A.B. asks: 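Here you go, one structure.
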Amino acid sequence: MRQDIPYALDLLKRINGITINEAPIYSFFSKYYNGDAHSFWASQMFSLFGDIKAFSAEKNFDKFLSGEIKQSFFHSLKYSIALGLSFVISLLFLLKTKMRGSKVLVYSPDKLKKGTNKDPRLFQIYSVFDEEKISYGEVIHTLLNREFLSNLLKRKRLVFYLESLSLPFFFLRNRKKEDEYRKELSKASLAHFSETELPFVRYILEKYLKRCLLSEFRIAFFSRMLREGGVKELLTIDDARYANELIVGARMSGVKVSMFQHSNFDYFYGLDALPPSLYAFPDTFFMWNDYWLARIQELSPLFSFHKSRLKIGGRMYEYAPKIRGHTPALKEELTILIPYEVNVDKSEIREFLQKVLSCPGTKILFKVRADMPLEKQAHEYGIDSKGNDRRTQVLTTLSDEIYASVHLVLGVYSGLLDEMVERGIPVVLLKTSYPLMNDLSAGGMTGSLSIEENNMCEKLRSVVQVSQTELLSRRERFMKGTGDARSVVREILRSL
């Protein structure tokens with residue numbers, strides 16, 4: 001079933017409008033969150049919107065609940081063992097950092113650049129640290145799965161796992177206090193919800209109350225860890241889901257926070273619907289370049305409110321896209337590159353691909369993600385992963401040879417689309433129900449394609465005819481004023 005995005009946005013607005021004893025819901029969660037003005041409720045907009053989108057597909061609470069993760073005994077056992085291991089490693093990390101007195105702390109999700117033991121999206125930071133022989137600590141968000149164990153062995157150094165705090169919280173949480181909060185939360189005004197919506201809304205309030213209490217515990221821990229560890233600077237990826245607790249803890253401890261852009265901000269869509277002051281925002285948010293410095297302020301009230309904290313800092317991952325000198329000649333075969341995108345409605349994409357493949361001479365190169373099973377991604381997109389369909393080919397990596405052979409790229413929101421604009425390759429945005437924050441086609445950076453397009457085959461071939469001059473102009477506008485990432489990191493280090 002397709003998600004009903006307009007309905008989901010309306011339901012998000014109504015849930016955000018809930019009052020408890022005549023006070024806004026975000027005030028209730030601010031009251032018990034920390035001593036600052038930030039609200040836990042604001043920090044959960046990404047996750048909350050995800051839950052609402054899932055419910056919007058059928059608007060049936062029982063079916064929504066059946067889709068929530070349910071673990072078997074064996075899976076729960078494995079998770080518990082992994083949680084215990086993460087807790088032990090985190091304790092050892094605390095002992096190490098206390099002895100070494102690291103002034104810099106880095107936060108990122110549990111990802112490693114192939115062939116290295118560093119996060120690819122903050123690779124420039126790690127490179128400067130190694131060159132300058134800087135002692136630093138790391139806080140990692142992980143899923144406590146097979147990848148956690150794999151990266152643990154590859155990393156070969158101690159880190160602090162965000163999830164490890166769930167273990168002491170389970171034993172130390174104040175259940176009497178939790179019951180008092182739950183009693184107060186039961187007074188929430190729910191008159192604006194239908195009988196169908198009420199079970200879902202009550203479930204959401206209970207779910208996020210539990211999360212709030214865990215988050216409060218994490219913040220108290222991090223503020224003490226940062227203060228007693230002598231940390232002066234927190235460097236973090238722009239993770240709207242899990243970095244918030246570290247940011248608030250850093251603010252409570254007088255630690256400066258520098259955050260770095262790693263993507264195109266589509267994950268912020270609908271997430272800044274509350275007053276901007278409620279969100280945990282870094283002291284400095286480093287953008288890639290002039291384009292994004294200006295564009296994000298146009299798109300987001302949150303970033304516009306904090307415009308004085310925005311600076312250009314360049315890309316913190318290794319990135320030097322070569323400009324393609326020419327578009328390959330369009331003869332009988334039209335070669336199209338399509339990346340797998342996690343958050344799109346797969347049924348819509350399959351419908352698009354069926355129509356695209358019906359065009360004579362069309363070949364699709366399907367780029368999969370490294371962190372998900374290849375077969376699963378191909379199945380969801382209706383792509384043959386066994387190589388039996390000559391019209392499609394599954395790719396795990398991209399190369400200059402691939403870039404040279406591609407006529408155009410199709411997609412919805414992936415950062416790969418931005419990269420293709422910067423490589424001078426024609427890009428077409430597929431118009432789906434997915435809520436784009438930054439529609440590149442509206443700014444003339446890409447073309448666009450609707451499933452209702454009557455002459456889709458002709459439209460695709462016409463996009464290939466975009467002049468090299470126009471492609472270079474798009475690249476120039478998109479990359480103008482890109483910052484020097486390494487210089488920015490060195491400047492931060494000199495200020496310590």
Side-chain angles (χ1 to χ4, degrees), residues 263-264 266 288-292 294-295 298-299 319-341 344 348-349 352-353 355-367 391-393 395 398-432 434 436-482:
S263 186
N264 59 12
D266 269 312
W288 286 344
N289 50 36
D290 287 340
Y291 171 84
W292 280 110
R295 185 61 174 150
E298 298 171 356
L299 296 169
Y319 185 72
K322 298 178 182 177
I323 179 65
R324 189 173 72 172
H326 66 282
T327 301
L330 181 57
K331 298 178 181 178
E332 291 186 4
E333 186 171 86
L334 174 66
T335 303
I336 300 174
L337 176 64
I338 296 178
Y340 177 85
E341 295 172 300
V344 296
E348 289 183 279
I349 301 301
F352 262 111
L353 296 189
K355 292 191 72 171
V356 170
L357 286 172
S358 70
C359 298
T362 299
K363 181 173 183 178
I364 288 180
L365 303 181
F366 179 53
K367 171 61 175 65
R391 300 173 303 167
T392 62
Q393 180 181 349
L395 303 175
L398 297 175
S399 63
D400 289 342
E401 182 180 0
I402 295 295
Y403 296 135
S405 68
V406 170
H407 289 103
L408 61 93
V409 182
L410 296 182
V412 180
Y413 70 87
S414 169
L416 182 67
L417 307 181
D418 301 53
E419 180 183 338
M420 295 303 106
V421 172
E422 295 174 350
R423 288 184 179 275
I425 299 175
V427 174
V428 175
L429 293 188
L430 301 177
K431 296 297 184 180
T432 69
Y434 180 84
L436 278 174
M437 183 173 185
N438 183 33
D439 186 343
L440 293 173
S441 65
M445 294 290 191
T446 72
S448 64
L449 189 66
S450 168
I451 192 65
E452 286 82 23
E453 179 70 47
N454 292 324
N455 301 306
M456 185 175 290
C457 301
E458 293 179 16
K459 179 71 176 289
L460 290 172
R461 288 183 173 268
S462 69
V463 172
V464 182
Q465 308 303 324
V466 175
S467 71
Q468 193 66 24
T469 300
E470 172 60 22
L471 293 174
L472 290 173
S473 174
R474 294 176 184 178
R475 169 187 162 92
E476 174 62 24
R477 280 182 286 157
F478 212 51
M479 297 187 69
K480 185 178 179 181
T482 298

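Quick note: numbers below take in every heavy atom, side chains included, and nothing from hydrogens, waters or symmetry partners. Quick caveat, the model's predicted, so the values are computed rather than measured.
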A.B. asks: Considering non-hydrogen atoms only, spot the tightest contact between R475 and K322 and give its length.
C.D. replies: NH1-C, 4.5 Å
A.B. asks: So E476 and K480, salt bridge (Lys or Arg N to Asp or Glu O under 4.0 Å) or not? Walk me through it.
C.D. replies: CA-CA 6 Å; E476 174 62 24; K480 185 178 179 181; 5.8 Å; no
A.B. asks: Kindly indicate, with the supporting measurements, whether the criterion salt bridge (Lys or Arg N to Asp or Glu O under 4.0 Å) is fulfilled by E458 and R461.
C.D. replies: CA-CA 5 Å; E458 293 179 16; R461 288 183 173 268; over 6 Å; no
A.B. asks: What distance separates T432 OG1 from I451 CD1, expressed to the nearest 0.5 Å?
C.D. replies: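 With rounding to 0.5 Å, OG1 (T432) is 10.5 Å from CD1 (I451).
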A.B. asks: Any non-hydrogen side-chain atom of Y403 less than 4.5 Å from a side-chain atom of M420?
C.D. replies: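 Touching, per the 4.5 Å side-chain cut-off.
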A.B. asks: Within this structure, what is the OG1-CD1 distance for the pair T362 and I336, rounded to the nearest 0.5 Å?
C.D. replies: 5.0 Å
A.B. asks: Determine whether L471 and P426 make a side-chain contact, defined as any pair of heavy atoms from C-beta on separated by less than 4.5 Å.
C.D. replies: yes
A.B. asks: Provide the closest heavy-atom pair for M456 versus V356 in the form atom of the first, atom of the second, distance.
C.D. replies: SD-CG2, 3.9 Å
A.B. asks: Nearest 0.5 Å, what's the CZ-CG distance between R477 and D290?
C.D. replies: 14.0 Å
A.B. asks: Calculate, to the nearest 0.5 Å, the distance between atoms CG and OG1 belonging to L410 and T446 respectively.
C.D. replies: 10.5 Å
A.B. asks: Hey, are the side chains of L416 and L398 touching, using non-hydrogen atoms and a 4.5 Å cut-off?
C.D. replies: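 SC-SC contact between L416 and L398 confirmed.
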A.B. asks: Testing the 3.5 Å rule here: is there a donor-acceptor pair between the side chains of S414 and K367?
C.D. replies: no
A.B. asks: For the CD atom on E401, are there more than 12 heavy atoms of other groups (residues, nucleotides or ligands in this structure) within a distance under 6.0 Å?
C.D. replies: no
A.B. asks: Supply the atom-to-atom distance D418 CG to N438 CG, rounded to the nearest 0.5 angstrom.
C.D. replies: 8.0 Å
A.B. asks: What is the distance from atom NZ of K459 to atom CG of L449, rounded to the nearest 0.5 Å?
C.D. replies: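 Here the rounded value is 5.5 Å.
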A.B. asks: L334 versus L460: any side-chain heavy-atom pair under 4.5 Å?
C.D. replies: yes
A.B. asks: Side chains of W292 and N264: closer than 4.5 Å at any heavy-atom pair?
C.D. replies: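 SC-SC contact between W292 and N264 confirmed.
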A.B. asks: Look at the side chain of E341 and the backbone N and O of Y413, then say whether any donor-acceptor pair between them is shorter than 3.5 Å.
C.D. replies: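 Checked: pair present.
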A.B. asks: Within a strict 4.5 Å, meaning less than it, do heavy atoms of the L353 and F366 side chains meet?
C.D. replies: no
A.B. asks: Taking C-beta and beyond as the side chain, do V466 and L408 meet within less than 4.5 Å on heavy atoms?
C.D. replies: no
